[in-house]
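Written below as structure tokens is the structure these notes are about.
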Amino acid sequence: NWGEKRKGYHAITRSSELFFRSVCLFLLLCTRPCNLPLNYVCTTQHCFDHEKLVRFTLSVRKNYHKVPYHNWWHAFNVAHCMYRMLDHEQEIFTELERQALIIACICHDLDHRGYTNQFMVKYETALASLYSTSVMEQHHFNQTVTILQQDGHNIFDHLTSDVYKQVLGYIRHYILATDLAQFFSNHKQVTRFCADQTFNIENTYHRNKLQAIMMSACDLSACAKTWPVQKKTVEIIYEEFYAQGDLEKKKGGVPLPMMDRDNAHNLPKEQVNFLRIFCEPLYGTLAVIFPHLSPLLENTKDNIHKWDNLAHGRP
Ligand SMILES: O=c1ccn(-c2cccc(OC(F)(F)F)c2)nc1-c1nc(Cl)[nH]c1-c1ccccc1
Ligand SMILES: [Zn+2]
């Protein structure tokens, strides 16, 4: 379960962590049927060329910056969460959707510099001049395509051109769904389908909205892990937020209170709000559709309780 796995995990040293990551990543993506040559790793229908998969994965890892939070380790955790989420639901999504979901997770924050979309737009960065909405998420997708187009990196080049376009369309939709600004609309749609019991997994629109909130759920999954992981991860996230706030002050701007280290005493209250506004509704809806995900909701509720105790000076 989510709790036990996590406790054991901390015992792993840094170096074996790296080994753990790369081994798991290949286990995440595919299992190779024994009757296929060694250089292929396959899921049931679509085979990845092993060498291309290694080259692609290492290039993806190289294109994450060493920022406090939005780094390779975050991308790996998000992909691991999606793998565990799909592990129980193999039959409802197609092979192509499952591959696209995992690849989208590992690529969803490619080339993140540790600054938010709001910051990129406010300070008129080059990327903000390229995209009018979801600036970083569109860049993350663009980076994904750029890596796929490098020699020997195209893990999808065995697909027909129509299926290739389809899988890239999936990946683009999934990565753009990780823009928190899209969360409320996506979540509201899925909640409405559940409330009026019209949710139909065969309906493409319903399917897309469910997959969008699954991406959010994996992206925010540190909010739904046990308290030690949530607390440690939030410290790292706020290290990145405060670095952005410091830069904003240096530019003569006024950062959001959440990004201002002079407001660090408000962090527990901010966390209660964030978990209540985003995470509790998100994991609540997913637990209705996928009951095996209810531990994520329970952990989120427990984390809200612990942040609330801290916010009110209770032990
Ligand atoms: O713990 C948190 C507290 C507050 N916010 C937050 C609150 C409003 C806005 C916002 O987005 C933006 F910063 F981009 F404006 C983020 N995000 C988290 C968080 N927790 C996990 Cl796990 N992932 C994130 C996250 C971080 C950056 C970005 C997205 C998710
Ligand atoms: Zn992310």
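What you see below is based on every heavy atom in this structure, not just the backbone, and it leaves out hydrogens, waters and symmetry mates. Indexing begins at 1, ligand by ligand and atom by atom, following the structure's order.
Residue Thr116 touches ligand 1 through its side chain alone, judged by heavy-atom distances below 4.0 Å. When non-hydrogen atoms are compared, ligand 1 lies under 4.0 Å from neither the backbone nor the side chain of His112. Contacts of Asn117 with ligand 1, taken as heavy-atom pairs under 4.0 Å, are absent altogether.
Distances from atom 8 (C) of ligand 1 to the heavy atoms of Met258, Gln244, Gln118, His74 show the closest one on Met258. Considering each of Phe241, Phe278, Tyr69, the one bringing a non-hydrogen atom nearest atom 27 (C) of ligand 1 is Phe241.
The number of protein N/O/S atoms found under 2.8 Å from the Zn ion (ligand 2) is 4.
Across all non-hydrogen atoms, the minimal contact from Ile102 to Ala79 is CD1-O, 3.9 Å. Taking each heavy atom of Gln271 and Val234 in turn, the nearest pair found is NE2-CG2, 3.3 Å. Residues Tyr64 and Cys107 approach most closely at OH-C, 3.3 Å, considering heavy atoms.
Checked against a 3.5 angstrom limit, the closest N/O atoms of Gln271 and ligand 1 fall inside it.
Closest protein heavy atom to atom 23 (N) of ligand 1: Leu220 CD2, 3.5 Å. With hydrogens left out, the protein atom closest to atom 4 (C) of ligand 1 is Phe274 CD1, 3.5 Å, a heavy atom. For atom 21 (C) of ligand 1, the closest heavy atom belonging to the protein is Ile237 CD1, 3.4 Å.
Using bins of under 30°, 30° to 60° and over 60° for the plane-to-plane angle, the ring pair Tyr115/Phe119 lands in the parallel bin. Using a 30° and 60° split on the angle between ring planes, Trp307 and Trp227 fall in the perpendicular class, above 60°. Ring orientation note: the planes of Phe184 and Phe278 are tilted relative to one another, at an angle of 30° to 60°.
No more than 12 heavy atoms of other residues, nucleotides or ligands shown are found within 6.0 angstrom of NZ on Lys231. In this structure, His65 places its NE2 atom where more than 12 heavy-atom neighbours from other residues, nucleotides or ligands lie under 6.0 Å away.
Proximity of the aromatic rings of Tyr69 and Tyr238 is defined here by a centroid distance below 6.0 angstrom, and this criterion is not met. Residues His108 and His74 place their aromatic rings such that the two centres sit under 6.0 Å apart.
Residue Leu180 has at least one heavy-atom neighbour below 4.0 Å for each of these atoms of ligand 1: 10 (C), 11 (O), 16 (C), 29 (C), 30 (C). Close approach to Met259 involves these atoms of ligand 1, each under 4.0 Å from a residue heavy atom: 13 (F).
Criterion: ILVMFWY side-chain heavy atoms under 4.5 Å apart, direct or through other members. Under it, Leu282 and Val78 are not part of a common hydrophobic cluster.
Put simply, no part of Gln230 is less than 4.0 Å from ligand 1, judged by heavy atoms. Residue Thr233 places no heavy atom under 4.0 Å from ligand 1. Note on ligand 1: Glu270 sits outside its first shell, no heavy atom being nearer than 4.0 Å.
Between Glu248 and Lys251 there is no salt bridge, since none of the side-chain N atoms of the basic residue sits less than 4.0 Å from a carboxylate O of the acidic one. Classification of Lys306 and Asp308 as a salt-bridged pair fails, no side-chain N sitting under 4.0 Å from a carboxylate O.
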